[in-house]
Amino acid sequence: MSAPLWDNPPMNTTLLSGLNPPQLQAVTLPRQSALILAGAGSGKTRVLTTRIAYLISTGAVSPHGILAVTFTNKAAKEMVTRLSAMLPINTRGMWIGTFHGLCNRLLRAHYREAALPQTFQILDSGDQLSAIKRIMKALEIDDEKYPPREMQNFISGSKEQGLRAHDVEAFDPYTRRKVDVYAEYDAQCQREGVVDFSELLLRCFELLSRNESLRTHYQERFHHILVDEFQDTNPLQYQWLKLLAGQHNALFAVGDDDQSIYAFRGANVGNMKDLLRDFKVEAVIKLEQNYRSHGNILDAANALISNNRNRLGKNLWTSEQGGEKLRVYEAPTDVEEANFIVGEIRQLKTEGLKLTEMALLYRSNAQSRVLEHALVSAGLSYRVYGGLRFFERQEIKHALAYLRLMQNTDDDNALLRIINYPTRGIGARSIEQIQDSAKMHGTTLWDAAARAGGKVSAFVGLIEAMRSATSALPLPEIMEHVLVHSGLIEHYQSEKGAKKREAEERLENLKELVTAATLFVHENEDDSLTSFLTHASLEAGEHQAGDQDDALHLMTVHAAKGLEFNAVFITGLEENLFPHQNSQRVDGGLDEERRLMYVAITRARRRLYMSFAQRRMLNGQVSYGAPSSFLKELPEDLLQWLSAREAPRNPFASFGYSAPAAPVQHSVSSTGWRTGQRVMHLKFGEGVITGVEGSGTDGRVQVNFKHAGSKWLALEYAKLTAL
DNA sequence: ATCTATGGTTTTTTT
DNA sequence: AACCATAGAT
């Protein structure tokens, strides 16, 4: 253990300074279970990390005795970073991580007891779905009647409740069939030595509940368990925590019921009330002072969330009263909404606000397209968070599948993915034969393939050759070898025509994969292939380069939780989009959407824009939407409408309320040009109007050209064509 | 066996 | 608009 730092606790002056009374109370609480109700922007992360630092530096516990759980890798990383800044300790060996990451760690350490192969691999949701499809085909189940996606939700959902197939109550034949698939799926995963996300948790839970000595060992070790975003825990996670806490340990849970936005994934806010009961919690501390947002923003958020029932009750306040009003903009179309936003961003930029200080939020990933397009035309740099992650790209998954198969030949999923990619003359017919043979002999596909001849045995030979050629190589070189000898590189290089560009990007990504491997080897003690593959599954999205650039943040509202920005744009505030249509089918769905809106609003420190469009492209066709009902739930006197309300273009739509007309911004000026208009110039080429001055032919316009940059042009001379 | 065209379906949010 | 699965063409 590290030297006792608790001889001279300097934290009373530095560590604890600046905490408000409830924060201080939470941080210095004696060892007992507690629930900290921490509102948005109330210093939740600070309290959590400071408490850990406090416990360690006062000698209450050694770093070894702490278990800190978060939901995202980002949050875990943040905690570690802050902690190392507060304390001169090595955070490396500490158990700080996500539920999935920690369970993985535990299962790796006790793989035998958990009945898993040492190098078990993790299926991401895509892998899981294809595994399920495979099972369904084998069981000859009609995928019209049983959509694979639904099956996936059923299986994951059951696991998140802590239910194995035989635990699920099936009263009707329909459900019984699903249970069959669940059971068969689990058996298949076991055969192949793979686990899905929820299996990590369930397997870990079962391991601890069955194995008393192991359970006791960890219970005695983790004297203090701290959980972030407790409102997002599902029943299984809660049971897992209970198990580790045992009778004697303290569970320090931090959460905000108003920010519970993952019920669709099995999260159960009810866990907060259960915690109070199960742990006989006496310390409920509310952090209600918000240090983030101006008063108007907070007032709007509070007004909105007050429409929800069954809240634990919290009153968020700030000493920063007032501030700007919330700006609301109604655009005719999604494209014009995007152009408006671009205009505002430019303005904010000239006022000195950095792009990184601004965020563009939307309800669903598909909405980023239009926004991105406008940003590209305007030459503004941005960064999309979430969406398709690096390790989820098909070329990356293909490359990794080779590695997985090389390491674990039982992995049928991996084999099927690459046996004919790139194409090597093994078609559907051959694959079927292999599957039949495997079934008949009761072996894995790999063994069946090894028995076959011709092209199939050539494939088997290829994998084996790669394995022996790379067995002694460091990770990045293994990677390179596989990329070349699998034929992936050549395959993408030979792509031409329409797919050329796409293939080039894929090649770039493959190169990037080698870089990622190199980086991984440098940063991790355990630089084994298994470890890297685990990293790829568990931290698929964390791979973000160029964070230091001044770039705008684009992300879903979900992804924005926990973040804050000086200026925030909430876009697509239309009924059926936000709140989302599908939420109406679910019990309590609207309340969850409202909490989501609450999260969105409370991301903003100073300025908040909310916009919507009368018309937008949705699923490939034009749709007309009414303004989001959430806008009506915001106090009118906190809002500033930026657009005059035009008559709705849709004769069938009638928006039930009107707002005071405000000066129109970005309207067509007397020059005949308006900002956001795409134009063509004979010499400079394509561009977008970003500013208009003067009137008639005396005026001039500012155009940002794709290639020639930004220029002011006198209308009298410049020949501009509208695009 | 593989490529291409077609048509039907789809997307909410994610560790 | 993009993705997928399947049928038909090569």
Side-chain angles (χ1 to χ4, degrees), chain A residues 69-76 97-104 122-126 128-130 133 137 143-144 147-149 152-153 156 159-160 196-201 228-229 232-234 236-237 260-267 334 361-370 373 385-389 391-392 394 420-432 454-456 495 497-499 502 534 537-542 555-561 572 576-586 589 592-593 595-597 599-600 616-623:
Chain A
V69 198
T70 63
F71 272 86
T72 64
N73 296 298
K74 201 157 107 199
T98 63
F99 278 101
H100 295 87
L102 294 169
C103 285
N104 172 61
I122 299 165
L123 302 183
D124 68 17
S125 5
Q128 186 186 27
L129 189 62
S130 47
K133 284 180 182 164
K137 199 163 272 175
D143 59 2
E144 304 254 293
R149 286 297 289 267
Q152 186 179 23
N153 287 337
S156 299
K159 289 188 182 184
E160 278 152 12
D196 60 47
F197 283 142
S198 12
E199 182 70 24
L200 280 173
L201 294 163
D228 190 15
E229 308 277 16
D232 288 334
T233 49
N234 63 37
L236 176 57
Q237 287 162 335
S260 154
I261 54 174
Y262 286 106
F264 72 92
R265 207 170 68 187
D334 49 356
L361 309 182
Y362 35 81
R363 176 67 241 265
S364 66
N365 280 307
Q367 287 168 251
S368 74
R369 277 198 118 66
V370 187
H373 184 81
Y385 294 81
L388 185 59
R389 291 171 170 65
F391 284 109
E392 281 170 4
Q394 65 142 310
N420 199 32
Y421 200 96
T423 49
R424 43 176 73 88
I426 305 174
R429 182 79 210 120
S430 315
I431 291 173
E432 225 167 86
K455 290 167 176 166
V456 174
E495 204 81 72
K499 284 191 174 171
E502 185 187 278
T534 301
S537 308
L538 246 34
E539 285 165 62
E542 247 49 35
M555 62 186 95
T556 63
V557 181
H558 281 89
K561 189 162 76 149
N576 295 331
L577 187 58
F578 195 2
H580 196 275
Q581 180 148 35
N582 296 7
S583 71
Q584 279 156 24
R585 291 165 209 282
V586 189
E592 176 144 322
E593 295 288 307
R595 291 192 292 270
L596 199 51
M597 181 66 181
V599 168
R616 91 165 48 235
M617 274 300 243
L618 228 50
N619 296 334
Q621 52 186 339
V622 180
S623 71

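Residue numbers begin at 1 in each chain, while the letters A, B, ... track the order of the sequences.
- Going from atom CG of A:Asp232 over to atom P of B:dT15 covers 12 Å, rounded to whole Å.
- Across all strands, A:Asp124 comes closer than 4.0 Å to no nucleic acid atom at all (heavy-atom distances).
- Partners of A:Asn420 under the side-chain contact (heavy atoms from CB on, under 4.5 Å) rule, at least two apart in sequence or in another chain, are A:Thr423, A:Arg424, A:Ile426.
- Partners of A:Glu592 according to the side-chain contact (heavy atoms from CB on, under 4.5 Å) rule, which considers only residues two or more places apart in sequence or in another chain, are A:Ala263, A:Phe264, A:Arg595.
- For A:Ser430, a side-chain nitrogen or oxygen approaches OP1 or OP2 of B:dA1 to under 4.0 Å.
- Rounded to whole Å, atom C1' of B:dT13 lies 10 Å from atom CZ of A:Phe578.
- Using a 4.5 Å heavy-atom cutoff, the side chains of A:Leu538 and A:Asn73 are not in contact.
- Distance from the side chain of A:Thr423 is smallest for B:dC3 among the nucleotides B:dC3, B:dT15, B:dT11.
- Remark: the A:Gln367 side chain and the A:Ser364 side chain contain an N/O donor-acceptor pair separated by less than 3.5 Å.
- Residue A:Ile426 is classed as a sugar-phosphate contact, given heavy-atom separations below 4.0 Å to backbone atoms only.
- At B:dT14, one or more side-chain N or O atoms of A:Thr556 fall inside 4.0 Å of OP1 or OP2 (strictly under the cut-off).
- Residue contacts shown for A:Phe264 include a base, since a base heavy atom lies under 4.0 Å away.
- Taking for each of A:Asn420 and A:Glu592 the nucleotide of DNA chain B with the nearest heavy atom, the 5'-most of the two is the partner of A:Asn420.
- Note: CZ (A:Arg595) to P (B:dT13) measures 18 Å, nearest angstrom.
- Taking the side chain as every heavy atom from C-beta outward, A:Tyr362 and A:Thr556 approach each other to under 4.5 Å.
- Formation of a donor-acceptor pair under 3.5 Å by the A:Asn365 side chain with backbone atoms of A:Gly386 is not found in this model.
- When the P atom of C:dA1 is taken as reference, atom CD of A:Gln367 falls 17 Å away, rounded to whole Å.
- The one candidate from A:Lys133, A:Glu199, A:Gln152 that meets the side-chain hydrogen bond (donor to acceptor under 3.5 Å, both in side chains) condition with A:Gln128 is A:Gln152.
- Under the 3.5 Å distance criterion, the side-chain polar atoms of A:His558 are matched with a main-chain donor or acceptor of A:Ile261.
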Where along nucleotides 2-10 of chain C does protein come under 4.0 Å, by heavy atom, of base (B) or sugar-phosphate alone (S), with - for untouched nucleotides? S--S-----
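- If you check every strand for non-hydrogen atoms under 4.0 Å, A:Phe99 touches nothing.
- Projected onto DNA chain B by closest heavy-atom contact, A:Asn582 and A:Phe71 fall at different nucleotides, the more 5' of which corresponds to A:Asn582.
- Put simply, A:Asn365 has a side-chain N or O that comes within less than 4.0 Å of OP1 or OP2 on B:dT14.
- Of the candidate nucleotides B:dA1, B:dT11, B:dT13, B:dT13 has the atom lying nearest to any side-chain atom of A:His558.
- Per the geometry, NZ belonging to A:Lys455 stands 7 Å off P belonging to B:dA1, to the nearest Å.
- Across the protein-nucleic acid pair, A:Leu129 atom CG and B:dT11 atom P stand 10 Å apart, rounded to whole Å.
- At a threshold of 4.0 angstrom between heavy atoms, the contacts of A:Arg424 are confined to the sugar-phosphate backbone, with no base atom among them.
- In this structure, of B:dT13, B:dA1, B:dT14, it is B:dT14 that holds the atom nearest to the side chain of A:Arg389.
- In this structure, CE of A:Met617 is placed 15 Å from C1' of B:dT10, rounded to the nearest angstrom.
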